[in-house]
Amino acid sequence: MDRSSLLQLIQEQQLDPENTGFIGADTFAGLVHSHELPLDPTKLDMLVALAQSNERGQVCYQELVDLISSKRSSSFKRAIANGQRALPRDGLLDEPGLGVYKRFVRYVAYEILPCEVDRRWYFYRHRTCPPPVFMVSVTLTQIIVFLCYGARLNKWVLQTYHPEYMKSPLVYHPGHRARAWRFLTYMFMHVGLEQLGFNALLQLMIGVPLEMVHGVLRISLLYLAGVLAGSLTVSITDMRAPVVGGSGGVYALCSAHLANVVMNWAGMRCPYKLLRMVLALVCMSSEVGRAVWLRFSPPLPASGPQPSFMAHLAGAVVGVSMGLTILRSYEERLRDQCGWWVVLLAYGTFLLFAIFWNVFAYDLLGADIPPPP
């Protein structure tokens, strides 16, 4: 029996004849057993926890529907958290006889999620389809573009010093602001092998697990929001500089993940979390330092200003604000979160300001823009 049939059966049985909005947990359990309904054991455990959170041992009908539909609202999560006893099963670390892939899924659960209930929920309902296609596709595209330009120009480091490289239709340049696609497509171009390697490594190590847990829509939104914020911030704060590289999106992912770990430090069970956080911060700081050095003290003479480092900082801000809201709302509807609308309003305000700035400010301020390549 599928999910829709189960919901229809619940409605036909009139489990809530007085329209109170609540259903007795024992009544529902009897219905499950009498009709031999194949309900996930994890969801039955969740049902018990929901009943324990209610003084009369009842379950809210909407929460029951959400449970069967694999959708959890904030009230559902609070009901689980306020349950009078823990869920009856042991933690995932005690789960025996797992294959290689399921052990990897368990590792991802402990790497990303701070709550044992969330980890078990994710572990038991995880499916291999759809795979984490977004981060893998972006990384592969960046590598292919880099190899194509490297082979064409015979240059694998400091590629932005080559005039032909900066003529690419993908690079953001202040002289080409009217070509709006460049505010996003610059993420496929990189300064050199070292920047590409750093971004690709972080996208695969952090972005792929995040996408496995939170889904392609949320993580792609976070990544692209960081990329767009990066180029728009450069157009406001460093008006002469071009932009290349996916660092805005990478820093959005990394800063969101690190902020989530810090906010839920006691609940995180990922091994060597302190050491890994220090290493991540050192790598991110080193990348920003390298970008600042290339911007203001280029090692070779160039035909124009070198790419700006402000995209890194903008991505980090997006990650701490928008990203932290997304990662803390695992399997909850974002539209039900007040903080999400506040962050969305702030980001929309920034976008409007940046658009007006790019349309009017350059002419009003008489900005000395280097000629586009």
Could you measure the distance from the [atom1] atom of [X] to the [atom2] atom of [Y]? Nearest 0.5 Å is fine.
X: Ser220; Y: Met135; atom1: OG; atom2: CE; value: 9.5 Å
X: His176; Y: Ile369; atom1: NE2; atom2: CD1; value: 11.0 Å
X: Ile112; Y: Tyr107; atom1: CD1; atom2: OH; value: 8.0 Å
X: Tyr251; Y: Leu313; atom1: OH; atom2: CG; value: 8.5 Å
X: Gln337; Y: Thr325; atom1: CD; atom2: OG1; value: 9.0 Å
X: Tyr110; Y: Phe123; atom1: OH; atom2: CZ; value: 9.5 Å

State, with a plain yes or no, whether a side-chain heavy atom of [X] is found less than 4.5 Å away from one of [Y].
X: Leu327; Y: Arg218; value: no
X: Phe296; Y: Gln306; value: no
X: Leu113; Y: Asn264; value: no
X: Leu232; Y: Tyr172; value: no
X: Leu196; Y: Trp156; value: no
X: Pro114; Y: Arg328; value: no
X: Trp357; Y: Leu364; value: no
X: Ser247; Y: Phe309; value: no

- Donor-acceptor pair, Tyr186 side chain versus Pro242 backbone, under 3.5 Å?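 Looks like no, no N/O pair under 3.5 Å.
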- Under 3.5 Å: donor-acceptor pair, side chain of Asn358, backbone of Ala354: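 Judged by distance alone, yes, a pair lies under 3.5 Å.
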Heavy-atom pair of closest approach, residues [X] and [Y]:
X: Phe183; Y: Ser231; value: O-OG, 2.9 Å
X: Pro132; Y: Met212; value: CG-CG, 3.9 Å
X: Pro305; Y: Arg295; value: CB-NH1, 3.9 Å
X: Gly246; Y: Gln142; value: CA-NE2, 4.2 Å
X: Thr233; Y: Met310; value: CG2-CE, 4.2 Å
X: Tyr165; Y: Val171; value: O-CG2, 4.1 Å

Hydrophobic cluster membership, [X] vs [Y], 4.5 Å side-chain cutoff:
X: Leu193; Y: Val244; value: no
X: Leu140; Y: Leu170; value: yes
X: Leu224; Y: Leu351; value: yes
X: Val133; Y: Val108; value: no
X: Leu153; Y: Val191; value: yes

- Run the numbers on Phe353 and Thr349 for side chain to side chain contact (heavy atoms under 4.5 Å, CB included), then give the verdict. CA-CA 6 Å; Phe353 173 78; Thr349 303; 5.6 Å; no
- Item | With sequence neighbours excluded, residues passing salt bridge (Lys or Arg N to Asp or Glu O under 4.0 Å) with Asp368 |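 Partners of Asp368 under the salt bridge (Lys or Arg N to Asp or Glu O under 4.0 Å) test: Arg240.
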- Message: I'd like to know whether Met189 forms a side chain to side chain contact (heavy atoms under 4.5 Å, CB included) with Thr160, so could you lay out the CA-CA distance, the side-chain angles of the two residues, the decisive distance to 0.1 Å, and finally the verdict.
- Response: CA-CA 9 Å; Met189 310 290 289; Thr160 54; over 6 Å; no
- How far apart are the C-alpha atoms of Leu221 and Phe134, what are their side-chain angles, what is the distance that settles it, and do they pass the side chain to side chain contact (heavy atoms under 4.5 Å, CB included) test? CA-CA 10 Å; Leu221 173 63; Phe134 176 76; over 6 Å; no
- Message: We want to know whether Ser168 and Tyr149 form a side-chain donor-acceptor pair, criterion being a heavy-atom distance below 3.5 angstrom.
- Response: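 Yes, because at least one side-chain N or O of Ser168 sits under 3.5 Å from a partner of the opposite role on Tyr149.
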- Item | Parallel, tilted or perpendicular: rings of Tyr101 and Phe104 (30°, 60°) |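 Tilted, since the angle between the ring planes falls between 30° and 60°.
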- Do other residues, nucleotides or ligands put more than 12 heavy atoms under 6.0 Å from Trp341 CH2?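 No, CH2 of Trp341 has 12 or fewer neighbouring heavy atoms, counting only those of other groups under 6.0 Å.
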- Applying side chain to side chain contact (heavy atoms under 4.5 Å, CB included), run through Met284 and Leu258 and close with a yes or a no. CA-CA 11 Å; Met284 294 170 69; Leu258 294 180; 3.9 Å; yes
